[in-house]
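Quick caveat, the model's predicted, so the values are computed rather than measured. In each ligand, atom 1 is the first atom listed, and ligand 1 is the first ligand listed.
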Amino acid sequence: MPRRDSRTFRWNDWSLDELLAAKGEARVSLVVPAKDEASTVGAMIESLRSVLMGAAALVDELVVIDSDSTDATARVAADAGAVVHAASAIRPELGSYPGKGEAMWKSQFVTTGDLIVFMDADLVEWDTHFVPGLLGPLLTRPGIELVKGFYRRPGQHGLDGGRVTELVARPLIALDFPELADLVQPLAGEWAIRRTLFESLSVPTGYAVELASLIDTARLRGIQTIAQVDLGRRSHRHQELLDLGVMATQILSAVARRSGGRDLESVTLQQFRPSEDAIASSKRTVLVAERPPAKEIA
Ligand SMILES: O=c1ccn([C@@H]2O[C@H](COP(=O)(O)OP(=O)(O)O)[C@@H](O)[C@H]2O)c(=O)[nH]1
Ligand SMILES: O=C(O)[C@@H](COP(=O)(O)O)O[C@H]1O[C@H](CO)[C@@H](O)[C@H](O)[C@H]1O
């Protein structure tokens, strides 16, 4: 467990009443980026709405950004009460990239919250307290600008979830960004940020959005503006290993860009799928483009 320093908290360090009192006039947007999550997004939206948007209106708007899902994600989310936008339909004049980061970057143009909370849409073990937990430091400590969730993550052999975290993100942090080393889950998809900060950040269009926002926030505002909250346990739908190769490529590209490397649009990733009698090779184009700070967009 990380030492209980001044920027590591637990979700129940605040009561809902304390947070509602601290919220005052501040507006909170809860943004859920989703691609092909029809099996989980409906239950999540229903729970979040009923607990956080009823009388105790900690959340002012609940928005799902759909990344051209091929399943019923958009309808299921809308039926559950979310406002749903197709990422590609937001500010179409700005073009459209696939990717989680693209959905999160575009969410800025269709939300109004002073505080933005992000949650993944594929959670199977989670709870609504994730949201007040993430908001706690932002509502009670003016010096905090970004809050990361952390949790125990059931994986294939116990609490060993987070393959890209352990094999890519943590080694990169150790090598180039030791100031981030105390963050237990640097890639957590549950996090919250002040809009005035997020709109100042360049946003990778793919899966590098989480690590890039930490690196850039530490540089722009100082490590002391980043906090983390123990949210308990969280498990999600796991991608296949080769698909995490795409995620790792995007994360490595974003870090290279921040370490003086090339600003690439895409990288060709060659992978192999062995079978008994052959080893099939496949090349996939991995997009590593980034979006400029939203505040620079007219
Ligand atoms: O192009 C994409 C890819 C992913 N996601 C969402 O981003 C979150 C995290 O993605 P994923 O579950 O694929 O990553 P993992 O949790 O396996 O790291 C999920 O809510 C996805 O539906 C998205 O909105 N657009
Ligand atoms: O932490 C990780 O290594 C990856 C993959 O997790 P698993 O190996 O499937 O448990 O999951 C995280 O990383 C993504 C990229 O930042 C985030 O989008 C996900 O929300 C987060 O679950």
Heavy-atom contacts under 4.0 Å between [X] and ligand 2: side chain, backbone, both, or neither?
| X | answer |
| --- | --- |
| Glu190 | neither |
| Glu166 | neither |
| Met247 | side chain |

Can you sort out which atoms of ligand 2 are near [X], meaning under 4.0 Å from one of its heavy atoms?
| X | value |
| --- | --- |
| Lys100 | 17 (C), 18 (O), 20 (O) |
| Gly189 | 20 (O) |
| Tyr207 | 15 (C), 16 (O), 18 (O) |
| Gly161 | 10 (O) |
| Glu210 | 15 (C), 16 (O), 17 (C), 18 (O) |

| said: Under 4.0 Å, counting heavy atoms only: does Gly189 come that close to any atom of ligand 1? | reply: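 So Gly189 does not count as touching ligand 1.
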
| Looking at ligand 1, does Met247 have a heavy atom less than 4.0 Å from it? |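 Contact check Met247 vs ligand 1: positive.
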
| ligand 1 to Pro98 polar contact by distance, N or O atoms, under 3.5 Å |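 Checking ligand 1 against Pro98, no N or O pair falls under 3.5 Å apart.
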
| Considering distance alone, does some N or O of Ala34 sit under 3.5 Å from an N or O of ligand 1? |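 For ligand 1, there is an N or O atom that lies under 3.5 Å from one belonging to Ala34.
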
| For atom 1 (O) of ligand 2, which protein heavy atom lies nearest, and how many Å away is it? |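 Here the closest protein heavy atom is Thr165 OG1, 2.6 Å.
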
| message | For atom 21 (C) of ligand 2, what's the nearest protein heavy-atom neighbour? Residue, atom name and distance, please. | response |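 Heavy-atom neighbour on the protein nearest atom 21 (C) of ligand 2: Leu187 O, 3.4 Å.
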
| Heavy-atom distance under 4.5 Å between the side chains of Pro132 and Leu139, does that happen here? |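 Side chain of Pro132 against side chain of Leu139, heavy atoms only: no contact under 4.5 Å found.
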
| message | Quick check: do Leu94 and Arg291 have side-chain heavy atoms less than 4.5 Å from each other? | response |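 Of all side-chain heavy-atom pairs linking Arg291 with Leu94, at least one is under 4.5 Å.
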
[options]: member with heavy atom nearest to [atom]:
| atom | options | answer |
| --- | --- | --- |
| atom 16 (O) of ligand 1 | Glu37, His236, Glu102, Arg234 | His236 |
| atom 7 (O) of ligand 1 | Met44, Lys100, Arg163 | Lys100 |
| atom 5 (C) of ligand 2 | Gln239, Arg153, Met119, Met104 | Arg153 |

| field | Modelled atom types, side-chain donor and acceptor of Ser235 and Glu125, under 3.5 Å | value |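 The answer is yes; a qualifying pair exists.
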
| Going by distance alone, is a donor N or O of one side chain under 3.5 Å from an acceptor N or O of the other, for Glu37 and Thr73? |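 There is no such pair (donor and acceptor under 3.5 Å, judged by atom type) between the side chains of Glu37 and Thr73.
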
| task | Classify the angle between the aromatic ring planes of Phe9 and Trp14 as parallel (below 30°), tilted (30 to 60°) or perpendicular (above 60°). | result |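 If you compare the ring of Phe9 with that of Trp14, the planes turn out tilted.
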
| In this structure, are over 12 heavy atoms from other groups packed under 6.0 Å from Ile279 atom CD1? |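 At most 12 heavy atoms, drawn from other residues, nucleotides or ligands, come within 6.0 Å of this atom.
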
| said: Evaluate Val164 for polar contact with ligand 2, using N/O atom pairs at a separation under 3.5 Å. | reply: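 Such a contact does occur with ligand 2.
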
| request: Provide the number and element of each atom of ligand 1 under 4.0 Å from a heavy atom of Ser67. | output: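 Those atoms are 1 (O), 2 (C), 23 (C), 24 (O), 25 (N).
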
| request: Consider ligand 2: state whether an atom of it lies below 4.0 angstrom from any non-hydrogen atom of Arg234. | output: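 Judged by the 4.0 Å heavy-atom criterion, Arg234 does count as contacting ligand 2.
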
